[in-house]
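Below: one structure, written as structure tokens.
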Amino acid sequence: LFSTGAADTCQVTVTQPRFVEADSSMHTVFLTCAFSASGCSLSPPKVLWFRFLTNEHEDLCTPSCIDDQKYKVHLLSESNISLEITNLTVDDNAVYICGIAFSDSSSPRSKQTGHGTVLTKTEKQHSNGKLIFMIITSSLLFLYSTTVFTFFVVYKKISSGRKIFQAIAQELQKQRYTEHCQQPDDLENDTVYQNR
């Protein structure tokens with residue numbers, strides 16, 4: 001009974017640095033993630049890392065990493081974690097999100113993510129456009145991300161929102177076409193009335 005009560009009050013807070021910049025000479029970078037947990041069980045939480053690129057998101061480590069040669073998760077202390085990224089290139093420029101999940105808890109606050117870290121690998125000639133996009137993406141994630149699962153909901157909402165917008169635009173175009181093609185006499189009368 002005690003463990004169930006503790007799990008129900010479990011609350012997690014996750015913090016990440018907003019920006020990390022790696023210059024052209026760096027081949028390895030460490031992205032840090034700190035968390036605090038209150039009312040949670042003593043069992044260690046799952047550490048999750050996600051990455052948002054321009055057009056897609058990837059599950060990097062959930063908790064096993066998809067490429068353990070390139071990505072490694074390090075436990076720095078009881079409440080500090082880092083993601084090591086090796087063989088760093090400009091293709092690694094993305095928003096990296098750290099997630100902490102106490103899977104034995106039923107509390108909705110037991111699974112939380114940080115607001116994301118924008119990683120930028122610079123070269124002698126780098127694209128400012130990509131950096132600006134990452135800043136905008138990071139800002140959007142700051143507004144919309146509260147749990148590990150929220151990201152999927154947000155992207156579904158954005159996708160459905162676009163479909164709705166497209167449907168409205170198509171309907172407006174049909175209406176304009178219909179109004180333009182029907183009853184040219186009425187259009188002429190309107191023109192005469194306006195000239196008066």
*asked:* Count I, L, V, M, F, W, Y as connected when their side-chain heavy atoms are under 4.5 Å apart, and connections chain through other members. Are L60 and F30 then in the same cluster?
replied: no
*K111 side-chain N/O to V12 backbone N/O, donor-acceptor pair under 3.5 Å*: no
*Out of curiosity, does F52 fall in the hydrophobic cluster containing F19 (side-chain heavy atoms, cut-off under 4.5 Å, transitive links)?*
yes
*Is there side-chain contact between D59 and L48, with at least one heavy-atom pair below 4.5 Å?*
no
*Tell me the salt bridge (Lys or Arg N to Asp or Glu O under 4.0 Å) pairs involving residues 27-54, sequence neighbours left out?*
R51-E58, R51-D92
_Sequence neighbours excluded, every pair satisfying disulfide bond (SG atoms under 2.5 Å apart) that has a member inside residues 55-91_ = C61-C65
*Please round to the nearest 0.5 Å and tell me the distance separating atom CD of E78 and atom CZ of F35.*
8.5 Å
*So which heavy atom on I97 is nearest to which on T113, and how close?*
CG2-CB, 3.6 Å
*Flag for T117-Q16: side-chain donor and acceptor within less than 3.5 Å*: yes
*Begin with the C-alpha distance, continue with both residues' side-chain angles, and end with the deciding distance and a verdict on side-chain contact (heavy atoms from CB on, under 4.5 Å) for I85 and Y71.*
CA-CA 5 Å; I85 306 172; Y71 306 107; 4.0 Å; yes
*G116 and V95: which non-hydrogen atoms are nearest, and at how many Å?*
CA-CG1, 4.0 Å
*Given side chain to side chain donor-acceptor pair (under 3.5 Å), test Q11 with S38 step by step and report yes or no.*
CA-CA 5 Å; Q11 291 195 1; S38 63; 4.8 Å; no
_side chain to side chain donor-acceptor pair (under 3.5 Å) evaluation trace for D23 with T122_ = CA-CA 5 Å; D23 63 37; T122 59; over 6 Å; no
*asked:* As a quick check of understanding, evaluate side-chain contact (heavy atoms from CB on, under 4.5 Å) for I100 and V47, giving each step before the final call.
replied: CA-CA 5 Å; I100 301 295; V47 179; 4.1 Å; yes
*Locate the shortest heavy-atom distance separating C98 from V14; write the atom from each residue and the value.*
O-CG1, 3.9 Å
_Single-linkage hydrophobic cluster, 4.5 Å side-chain cutoff, L31 and I66 together_ = yes
*Passes side-chain contact (heavy atoms from CB on, under 4.5 Å), V29 versus L119? Steps please.*
CA-CA 9 Å; V29 70; L119 172 63; 4.1 Å; yes
*Does anything in residues 79-90 pair up under side chain to side chain donor-acceptor pair (under 3.5 Å), and if so which pairs, sequence neighbours excluded?*
H74-E84, S77-N80
*Working to the nearest 0.5 Å, report the span between CZ of R109 and OG1 of T9.*
12.5 Å
*Could you tell me the separation between the NE2 atom of H27 and the NZ atom of K121, rounded to the nearest 0.5 Å?*
6.0 Å
*asked:* In terms of relative ring orientation, are H57 and F50 parallel, tilted or perpendicular, with 30° and 60° separating the classes?
replied: tilted
*Would L75 end up clustered with W49 when hydrophobic side chains under 4.5 Å apart are linked, directly or stepwise?*
yes
*Below 4.5 Å, heavy atoms only, C-beta onward: do P17 and T32 meet side chain to side chain?*
yes
*Strictly by modelled atom types, are S105 and S107 linked by a side-chain donor-acceptor pair under 3.5 Å?*
no
*How close do S41 and F102 get, heavy atom to heavy atom, and via which atoms?*
O-CE2, 3.7 Å
